[in-house]
Amino acid sequence: MLRSRLAGLYYCLTKKNSDVAKVMRDLGFLTEVGEDDPNAQFRARAYYRAADTIASLPEDVAVMYSRNGIKGLLEIPSIGKAIAAKIEEYIKTGKVHTLEKMKAEIPINIDELYGLEGVGPKTIRALYDKLQVKNLADLEKAAREGRLRTVPGFTERKEQDVLKKIEFFRTGRGRHIIGEVYPLIKQIEKSLLQVAGVKNAVAAGSVRRMKETIGDIDYLVAASDPEPVMDFFTKMPEVQEVFGRGPAKAFVRLTSGIDADLLVVPEESWGSALQYFTGSKEHSVELRKIALSKGLRLNEWGVFKGEKRVAGAAEEEVYQALGLQWMPPEMRENAGEIELARQNRIPKLVEYGSLKGDLQVHSENSDGTATIEEMARGAKAFGLDYIAITDHTKSLALAGGLDGQELLEQAQKIAELNDRLEGGFRVLASAEVNIMKDGSLDIADNVLDKLDIVGAAIHSHFNLPVEAQTERLTRAAKNPNVDILFHPTGRLINKRLGYPVDIEQVIEVAKDTGTVLEIDAHYDRLDLKDEYARMAVKKGVKLVVDSDAHHPIHYAFLMFGVAQARRGWATPADVLNTLPADRLLKVLK
DNA sequence: GCCGTTTTCGGCCCGACTGTTTTCAGTCG
């Protein structure tokens with residue numbers, strides 16, 4: 001008895017929402033693949049919905065279960081009796097009988113086959129039944145041997161398509177880091193605006209929502225005659241291959257390996273089309289349900305009452321027709337924003353271009369490529385009023401880290417530079433102090449307290465267990481000289497997960513100590529990520545958005561950091577470097 | 001499988017594009 005209770009407790013502590021959500025997604029997927037009855041798609045959808053809900057819960061379902069049992073689970077929307085029982089089973093035993101049975105019946109590699117573009121559940125079923133295709137390798141082999149075309153629905157051409165898609169999937173070109181493709185996206189947007197007859201053009205989709213990575217680019221164009229736009233788009237020099245083209249929609253792959261869609265609508269549908277093409281899908285689905293409940297119908301062409309269009313030209317009027325306040329695209333993830341819109345309580349988010357300073361900037365004195373003065377003048381030209389020079393410290397030898405004496409000398413030079421700089425621009429003496437394995441710092445407190453501002457960061461021992469890593473980070477936060485934790489989770493998007501850390505505990509400690517958490521705006525990092533930024537904002541922990549510039553052109557990264565702050569629902573009051581330097585320093589005292 | 005100011009049963013978001021379908025299923029966003 002005791003043993004089983006302990007086992008239960010163990011699972012409670014180890015099953016994260018992402019694990020439970022994965023189980024739900026697998027159940028949904030196998031339901032779609034394995035069952036033919038017309039209701040299967042709705043059961044699958046119920047599983048997917050539950051997965052999404054669980055993934056975005058602020059607290060682990062396992063913890064909620066340990067507190068209130070099944071009853072607690074049933075209070076979660078889109079979780080009913082059957083799914084609650086499965087979650088309970090999973091928390092207690094680490095398995096779900098139904099799922100195991102399905103997996104035994106159709107032993108396919110879900111992770112590999114789910115999400116392969118153009119190959120849906122029905123196709124996967126046919127492939128398994130006819131050719132025993134269980135994974136990507138099987139699929140590739142069957143395609144190469146020309147066996148795919150024996151499956152109904154497949155032709156030689158589709159066989160070739162599958163091979164291309166496998167290649168695309170393998171080379172990891174599925175999702176692109178937004179900062180890497182943003183210039184290209186904007187360049188094409190601009191050239192679409194130049195096409196004769198075009199009234200408006202914008203990259204919608206995840207680009208407009210400013211997600212950290214994007215799957216494809218969704219261009220929306222307003223024009224009365226789609227033909228010339230379609231022609232221009234499919235023949236642009238950036239296009240490698242045209243996948244499809246209808247009267248008002250086209251799909252292409254660009255030479256840079258990213259897919260782009262185009263939709264052309266008349267001006268009177270611009271707003272509804274913009275809403276539709278911006279998404280997220282989940283957000284749009286909710287809007288359409290609201291439309292239905294009001295006796296309306298929402299699609300990309302407008303909001304309709306019967307046959308009559310009652311809104312559609314502007315996004316604002318679409319939301320208004322549904323009884324909702326308009327909201328910034330960065331919030332549209334169906335994560336509570338619709339309820340706020342209903343109550344007219346959408347927060348005023350921190351604005352692009354509203355940052356007055358940048359608190360993580362490197363110079364050539366460590367691993368930067370410009371002098372402090374060049375970084376200062378670059379920041380001024382960019383429109384900032386101050387920067388903090390945060391060169392690395394001595395234990396980061398690779399980056400040419402400074403020791404205490406060198407930091408103090410640098411502070412003296414910064415003071416002299418400030419006298420020389422015109423227009424009230426200010427450079428703050430600072431450092432990106434290295435957090436050691438035990439959470440201590442590599443620079444003495446009697447040096448740190450002479451700097452204007454101190455950031456601390458982890459650059460080593462990434463593989464400590466979560467408890468040790470959390471302790472290490474919170475110990476640094478508790479040092480009264482530390483003002484900011486830089487890039488708090490250490491992740492590199494698409495390259496490195498980041499060290500394991502209990503971010504909720506870090507946020508708790510930051511709240512107690514008044515430590516500020518950074519959103520490092522470098523597009524590789526965007527750390528804190530949107531979700532964690534929102535947790536911090538919710539708890540009242542202050543943020544700063546920094547470029548992590550190693551050259552003056554890197555100040556342009558700040559917009560991606562502001563985007564993450566906005567995705568975290570941060571207002572100007574939540575982001576301290578929207579303040580002038582003197583007020584910022586006062587807050588940090 | 002979930003859910004209910006029309007319903008505890010019968011719905012479940014909506015439209016475009018593709019292929020070989022000559023009236024629709026599969027897939028996508």
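Everything numeric here is computed off the predicted structure, so don't read it as measured data. Hydrogens, waters and symmetry mates are skipped; everything else that's a heavy atom, side chains included, is used. Throughout, protein chains are lettered first and strands after them, A, B, ... in sequence-line order, and every chain is numbered starting at 1.
Side-chain proximity of A:Pro247 to the nucleotides B:dG15, B:dT27, B:dC17 is greatest for B:dC17. In this structure, of B:dG1, B:dG29, B:dG15, it is B:dG29 that holds the atom nearest to the side chain of A:Asp261. Taking the side chain of A:Phe251 as heavy atoms from C-beta on, and the options B:dG29, B:dC17, B:dC12, the nearest nucleotide is B:dC17. If you check B:dG1, B:dT27, B:dC13 against the side chain of A:Leu292, the one that comes closest is B:dC13.
Between A:Tyr48 and A:Phe29, the ring center distance fails the sub-6.0 Å criterion.
Checking each of A:Val545, A:Leu526, A:Asp524, A:Ile519 against A:Phe560 for a side-chain contact (heavy atoms from CB on, under 4.5 Å) leaves exactly one that passes, namely A:Leu526.
Checking the phosphate oxygens (OP1, OP2) of B:dC14, no side-chain nitrogen or oxygen of A:Trp301 falls inside 4.0 Å. A:Arg245 has no side-chain polar atom (N or O) that falls below the 4.0 Å cut-off from OP1 or OP2 of B:dA16. Contact annotation: A:Arg297 side-chain N/O to B:dG15 OP1/OP2 distance is under 4.0 Å. Between A:Thr123 and B:dT27, a side-chain N or O to OP1/OP2 separation shorter than 4.0 Å is present. A sub-4.0 Å separation between OP1 or OP2 of B:dC14 and a side-chain N or O of A:Lys289 is absent.
One N or O donor and one acceptor, one from the side chain of A:Asn39 and one from the base of B:dC12, sit under 3.5 Å apart.
Put simply, CD on A:Glu32 is 9 Å from P on B:dT27, counting in whole angstrom units.
Using a 4.0 Å heavy-atom criterion, one finds that A:Ala50 contacts no nucleic acid atom at all. As judged by a 4.0 angstrom heavy-atom cut-off over every strand, A:Leu298 is placed among residues touching the sugar-phosphate backbone only. Residue contacts for A:Lys122: at a heavy-atom cut-off of 4.0 Å it reaches the sugar-phosphate backbone alone, with no base atom in range.
Looking at heavy atoms from C-beta onward, A:Leu254 lies in side-chain contact with A:Val252 at the 4.5 angstrom threshold.
Of the C1' atoms belonging to B:dC3 and B:dC13, the separation is 16 Å, rounded to the nearest Å.
Across all strands shown, the partner of B:dA25 is B:dT18, judged by Watson-Crick or G-U wobble contacts whose two distances both fall under 3.5 Å.
Side chains of A:Arg332 and A:Ser284: a donor-acceptor N/O pair is absent below 3.5 angstrom, by distance only.
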